[in-house]
Amino acid sequence: MRKTLLLCAFVLAGMSASAWAQEEEPVAPYEQSDANAGAQPITDPDVLAAFHGREGIVRITNRTIDLALADPQLGPIFQPFDMVRLRRTLNEHFCYLLGGGCTYTGRDMRAAHAGMGAQTRDFNLLVRHLRTAMEEEGVPFRMQNRFLAVLAPMRSDVVPR
Amino acid sequence: MKRSFRFMKNVLWAAPVTVLALAISAEADARPLVWGGKLPLTRGVTSIEGGTGAGLATWAFIAGNETEDGVGASAFYTGIPLSDYDFTAYGAAIGLYDRIELSYAHQEFDTGSTGGLLGIGNGFTFEQNIFGAKLRVLGDALYGQDSWLPQVAIGVQYKQAEHGALISALGGEDDSGVDVYVSATKILLGQSLVVNVTVRATEANQFGLLGFGGDREGGHTAQVEVSGAYMLTDRLLVGAEYRTRPDNLGFAAEDDGFDVFAGYAVTDNLTLVAGYVDLGSIATFDDQNGAYLSVQIGF
Ligand code: HEM
C-alpha cells in the first residue's frame, strides 16, 4: 500500500513536471534537414537586423501563432495540433530563412500540412497575421516583403491542389 | 463588323462552357467554396474599360476578392474632368475562381461647351458600352515569387459606340469593334513593385468613343500598355502608366495617354484611386489632361 502510494506520487510528480516543461508530443519519424525549410535563407544581414535578430523572430513567431489561434477561421485548424512543437519549429523555420543561423528540425512544408485542408484564403489569413506581428515588431514594410517573397511560393505545398 | 460579331458570339459561348467545366472540376477537388480571401489590393482596381487594371491599362488580375475556391465581383465609377471635356466611366465585373473575369463598362464623353465649338451642339455626349471577358492562362503574379514568369491573361473587349451616323461623318469606319489583348502582370514582392505589360490589337478611336477604324487608317494595330507601381504599405501604392493608341481619323490626331496614380485600399471592400491623366489631343482640342478620381468596391 505504501509502495503504491509512493508510485502514485512519483507518477503525479512526473506528469506535472512534464506539463510544466511543456513537452512535445511524439511525431512519426522523418529525415531532418534544412532542406525541409523549403527555401534558401536570405543572406542579407540588413533583413535579419530589421527583424531584430533571433529575439525579434521569437516574438514574431509566437505572436503569429497567438493571432492564428485567436482567429475564428484559423483557430479551429491549429488548435488540435501540438502548439508547443509548432512554436519551436516555426521559430526555427523563420530563423533559418531569415539568416539567423538556426537549424530547421521540422518536417517539409508538404508533409507538415498534409490532410489539413488549408485553402488559399487560409494561407492569406496567416500572411495577414504575420504582417501584423512584423508590424508590431517594427519591421519596415519593404523588409516584410523580402521575407514574404520567400514564403509565398510555399502556398503550393501548404494548400493542396 | 459581321466577323467581329461572330467572333464575339464564339467568345460569349466559350465563357459559360469554361465556367461550367471549372465548376465541375472544383467539385471534383471537393474543396469547399468560400467567399473572399484575396490580400488587400491584389484584386487590382478597375481600368476605364471595366476590367481589372489600374487607370488606363488592363492587367492580368481577376476581378473580385475570391480565390480559386470562390466567386467575387466588383463595381467602379471613374470621373475624369479633362481640360475641354468630361469623361466618366462606370461598370461592374464578376470574377470566377480567380480564373475568369466578365466585365461591363459604360463610358460617357461629355463635350460640354466644346461640343458647340465643334458644331455638334453644347453638351453633346459620346457614349459606348464595353463587354469584356478575360481568362488567366499562365503563372501567378503573387505566389510565383520563385519564378520570373508573370501572371498572363488573354482577353477580349466588345465595344459598341452610340451615334454611328456622327462617327461615320467624322471618318470612322464602324460604330462597334473588338479589342483583343494579352496582359502580363507581376508583383516583384522583394522589390515592393508591381509591373504590367499589355499588348492590345485594336482599331478603336479614343477607346472606341469615336468609333473604330478611320479614313486615315483602318484595321487592327498592336498597341502597348505599360504600368509600374510601388507599394508603400499593403494598402497603399503609387504608380504610373503609359498607353499607346491608334491614330485612324483624318480630322483629328490621337495621342498616346499616360497617368500617375495613388491607390488606397480603405477596407478590403473599398479602394480609392486619385490620379492625373494626360490623353493629349482629342477631336482637335489639344492638351486634354486633368486630375481624376476612381472608386471601386469589391467582395
Ligand atoms: C507561409 C505559410 C506557412 C508556413 C511558412 C508554415 C510553416 C510551418 C512549419 C515550419 C510547421 C512545423 C512543421 C513541423 O513541426 O514539423 C508548420 C506546421 C503547421 N502548420 Fe504551417 N505554415 C504555413 C501556412 C499554414 C497555414 C495556412 C495553416 C493552416 C491554415 C498552417 C497550419 C499548420 C499547422 C496546424 C501545423 C502543425 C502541424 C503538426 O504539428 O502536425 N500552416 N507550418
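Side chains included, hydrogens not; waters and symmetry mates left out as well; all remaining heavy atoms used. Residue numbering restarts at 1 for every chain, and letters A, B, ... go by the order of the sequence lines. Since this is a predicted model, take the numbers as computed values, not measurements.
Proximity of a side-chain donor or acceptor of Asn124(A) to a complementary backbone N or O of Gly37(B) within less than 3.5 Å is detected.
With a threshold of 4.5 angstrom between heavy atoms, Ile187(B) does not approach chain A through any atom at all. When heavy atoms are compared at a cutoff of 4.5 Å, Ser192(B) approaches chain A by way of both its backbone and its side chain. When heavy atoms are compared at a cutoff of 4.5 Å, Phe147(A) does not approach chain B at all. Residue Val150(A): no heavy atom, backbone or side chain, is found under 4.5 Å from chain B.
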Open item on the list: Would Thr67(B) and Gln119(A) count as a side chain to side chain contact (heavy atoms under 4.5 Å, CB included) here? Give the steps.
Closed with: CA-CA 9 Å; Thr67(B) 65; Gln119(A) 296 178 269; 6.0 Å; no
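Side-chain contact between Leu232(B) and Arg142(A) is absent, with no heavy-atom pair separated by less than 4.5 Å. Between Asp234(B) and Phe141(A) there is a side-chain heavy-atom pair separated by less than 4.5 Å. Within the 4.5 Å cutoff, no side-chain heavy atoms of Arg121(A) are placed close to those of Asp69(B).
Within 6.0 Å of CD on Gln79(A) lie more than 12 heavy atoms contributed by other residues, nucleotides or ligands. Other residues, nucleotides and ligands contribute over 12 non-hydrogen atoms within 6.0 Å of the CD atom of Glu136(A).
With respect to the salt-bridge test (charged N to carboxylate O, under 4.0 angstrom), the residues Arg155(A) and Asp140(B) qualify.
Of residues 38-58 of chain B, those residues with a non-hydrogen atom less than 4.5 Å from any non-hydrogen atom of chain A are, in numerical order, Lys38(B), Leu39(B), Pro40(B). Of residues 66-78 of chain A, not one residue has a non-hydrogen atom less than 4.5 Å from any non-hydrogen atom of chain B.
The line from OG1 of Thr120(A) to CZ of Arg31(B) is 7.0 Å long, rounded to the nearest 0.5 Å. In this structure, the separation between CG on Leu189(B) and CG on Asn145(A) is 4.5 Å, given to the nearest 0.5 Å.
The two atoms that bring Gly190(B) and Ala149(A) nearest to each other are N-CB, 3.8 Å, heavy atoms only.
Most heavy-atom pairs under 4.5 Å with chain B: of the set Pro160(A), Ala39(A), Gly117(A), Ala152(A), this distinction falls to Ala152(A).
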